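Every number for a ligand or one of its atoms is a count from 1 in the order of the listing. All values derive from a computational prediction rather than experimental measurement. In this chain, residues are counted from 1 in sequence order.
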Amino acid sequence: MDITKLSAVEIKQQIKKGTISCVETVQAFLNKIKQFEKYNAILETFDDAIENARIMDKKIKSGFNGKLAGVPIIIKDNILYKNKLCCCGSKFLKNYKAEYNSTVVNKMLSEGAIIIGRANMDEFAMGSSTENSAFGITHNPLDFDRVPGGSSGGSACAVALDMCPIALGTETGGSVRQPASYCGIYGLKPSYGRISRYGVVAFASSLDQVGIFSKTIEDNALMLEVLAGFDENDETSSKTKVEQYTKFENADKLKIGIPNEIIKMIKGMDCENNFFDFINLLKKNGLQIVPVSIKNIELALATYYILAPAEAASNLARFDGVKYTTRNQNAKSLQEIYKKSRSEGFGKEVKRRIMLGNYVLSSGYYDAYYNKAKGVQGLLIEDCLNAFKLCDVLIMPTTVGEAYKIGSKPSDPVETYKEDVFTVTANIVGSPSLSIPFGKGKNKMPLGIQLFGKKFGEKNIYDLALLVEKLVKKEANNAI
Ligand code: GLN
């Protein structure tokens, strides 16, 4: 049996039956990480992983039955795991060790997970390709010359290449769904407030959420069940009841909404035909499709690129060469410590975001940009509330097209920002959205479709995703 091909649910079962041990399991995944080192998905494997697996083997023998008992997990490099490096893909934090566990890490550990490593990412989660990491580019698991997406590209690549069954990423504007789509796996961005952000390095606090990468729907739902819930350490975490996501229900009565504006926006894009194929699949199988409108969706991208940098500029002010970060050794005054340390610590994209953010927040421009963007956010929330009066789940493409070639984006950063056109809305309105692998692009690279739900409507999304998985399989069998 190749353990690395198993899902988390299967690993758990096999360990429980005694067919495999946690130590064997962790070793198998560590070997995979070594084998695929050249993809640069993993920045570090933790040297206590085997020892923790040994302890877990004993615990399981004496009756422990955690939801993730013995399951190896990889976390993005911006999630705190006590005494382990947490660099956020930045050389500024290259020596920073976490002083405490994030809530997500605590929750996984208490359910028996073994955290085996940390994954590469765009610096401070700013980017869509993992080309912005200070620790080198991560490669696409299906084509070495292409990007894996970003900013959680390392986590996505790791899952797609069987380096772990489940990995955590983070989302501010698409950083889990977009790489999931580029790598052909599942990626969930939960509702804002569904998962605690305590111990997750902030990018834009009002948009950030931890997200989940997996190869199966069941694994994704299982992980959300573990991570979701109120946490007194994060005042933005919600008290809304956590549902049993792994208890799947029939989804064929769900009403599926298609925003009219999306149909217009995708004209001529690489994702166009694939999106219509998806709609046809649903129609053919009797699902109810309803047209809806999200009037202001075309403003979402500009709104995001005002709100996210504004919050980032303020969140990143703490990295000053005095606390956390590496300090410039030639600085002679406090001012110089700030200036020199920040100048050499941050990469180009991060500096650009800080400048953008401070610009839109500066007096004179605050009303014209930041306040206006907050207003549009309100309109988008209203649009979505209205759309969800007519349907249960919205669908839209995850990305404009398939993963692009490394280094192929023009020097104009706006061209890269445009890649986020379909993902940012879920973050702006706080909705959950799951990217499911569906179809291929013109170079046979995977594409994704988003199942976008009502706030705290993750259950509907998972139920629908499982149904779609069945329909796709049925279709493939018919084609043979
Ligand atoms: N690509 C987007 C950005 O660069 C989203 C990043 C994210 O979700 N962390 O801002």
Side-chain angles (χ1 to χ4, degrees), residues 75-79 88-90 119-133 137-138 147-156 167-183 187-192 195 197 200-213 300-316 346-357 360 373 377 398-401 403-404 409 412-435 448 450 452:
I75 53 176
K76 187 173 174 179
D77 190 30
N78 58 353
I79 297 175
C88 297
S90 178
N120 200 12
M121 59 183 278
D122 282 308
E123 186 175 9
F124 287 104
M126 297 169 188
S128 312
S129 64
T130 319
E131 290 172 298
N132 296 340
S133 168
I137 294 166
T138 296
V147 302
S151 63
S152 318
S155 303
L168 297 192
T170 60
E171 270 250 6
T172 305
S175 279
V176 168
R177 286 163 289 154
Q178 186 254 22
S181 171
Y182 279 4
C183 296
L188 175 83
K189 196 286 288 188
S191 308
Y192 186 75
I195 296 181
R197 293 180 294 113
V200 180
V201 181
F203 167 0
S205 312
S206 79
L207 307 169
D208 296 344
Q209 269 295 288
V210 168
I212 304 165
F213 292 102
L301 189 66
T303 305
Y304 172 82
Y305 274 98
I306 293 171
L307 297 181
E311 291 188 36
S314 138
N315 274 326
L316 268 54
F346 288 133
K348 211 166 150 190
E349 183 58 28
V350 176
K351 284 181 189 155
R352 183 180 292 124
R353 303 286 177 112
I354 294 173
M355 285 190 282
L356 261 174
V360 299
Q377 180 177 32
T398 308
T399 58
V400 171
Y404 50 88
K409 283 280 160 196
D412 178 2
V414 176
E415 284 308 309
T416 316
Y417 299 169
K418 284 185 187 161
E419 289 293 311
D420 304 326
V421 63
F422 299 125
T423 50
V424 292
T425 304
N427 305 76
I428 294 173
V429 305
S431 266
S433 183
L434 172 73
S435 178
Q450 287 185 79
F452 181 121

Looking at residues at least two apart in the chain, or sitting in another chain, which of them share a ring pair (Phe, Tyr, Trp, His ring centres under 6.0 Å) with F124?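 Only F319, F346 meet the ring pair (Phe, Tyr, Trp, His ring centres under 6.0 Å) criterion with F124.
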Would you call the rings of Y417 and Y305 parallel, tilted or perpendicular, taking 30° and 60° as the class edges?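 Ring orientation, 0 to 90° scale: parallel.
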Salt bridge (charged side-chain N to carboxylate O under 4.0 Å, His left out) against K351, all qualifying residues, sequence neighbours excluded: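 Checked K351 against salt bridge (charged side-chain N to carboxylate O under 4.0 Å, His left out); zero matches.
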Does an N or O from [X], backbone or side chain, lie closer than 3.5 Å to an N or O of ligand 1?
X: G127; value: yes
X: R353; value: yes
X: A125; value: yes

When you measure from the side chain of E349 to the backbone N and O of G127, does any donor-acceptor pair fall under 3.5 Å?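 No; judged by distance alone, with no hydrogens or angles, the pair does not exist.
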Would you confirm whether D122, through its side chain, and E131, through its main-chain N or O, come within 3.5 Å as a donor-acceptor pair?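 The answer is yes, because a donor-acceptor pair under 3.5 Å joins these two groups.
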So which heavy atom in the protein is nearest [atom], and how far is it from that ligand atom?
atom: atom 10 (O) of ligand 1; value: Y304 OH, 2.6 Å
atom: atom 6 (C) of ligand 1; value: S175 OG, 2.9 Å
atom: atom 3 (C) of ligand 1; value: Y305 OH, 3.3 Å
atom: atom 2 (C) of ligand 1; value: D420 OD2, 3.2 Å

Donor + acceptor pair across side chains of T303, Q377 (<3.5 Å):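 Short answer, no.
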Would you say S435 and T398 are linked by a side-chain donor-acceptor pair, where the criterion is simply a distance under 3.5 Å?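 Result is yes, a qualifying pair exists.
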For [X], take its heavy atoms, then give the atoms of ligand 1 lying under 4.0 Å from any of them.
X: M126; result: 4 (O)
X: F203; result: 9 (N), 10 (O)
X: E171; result: 8 (O)
X: G173; result: 5 (C), 7 (C), 8 (O)
X: S151; result: 9 (N)

Can you confirm whether R177 sits close enough to N427 that some side-chain heavy atom of one is under 4.5 Å from a side-chain heavy atom of the other?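 SC-SC contact between R177 and N427 confirmed.
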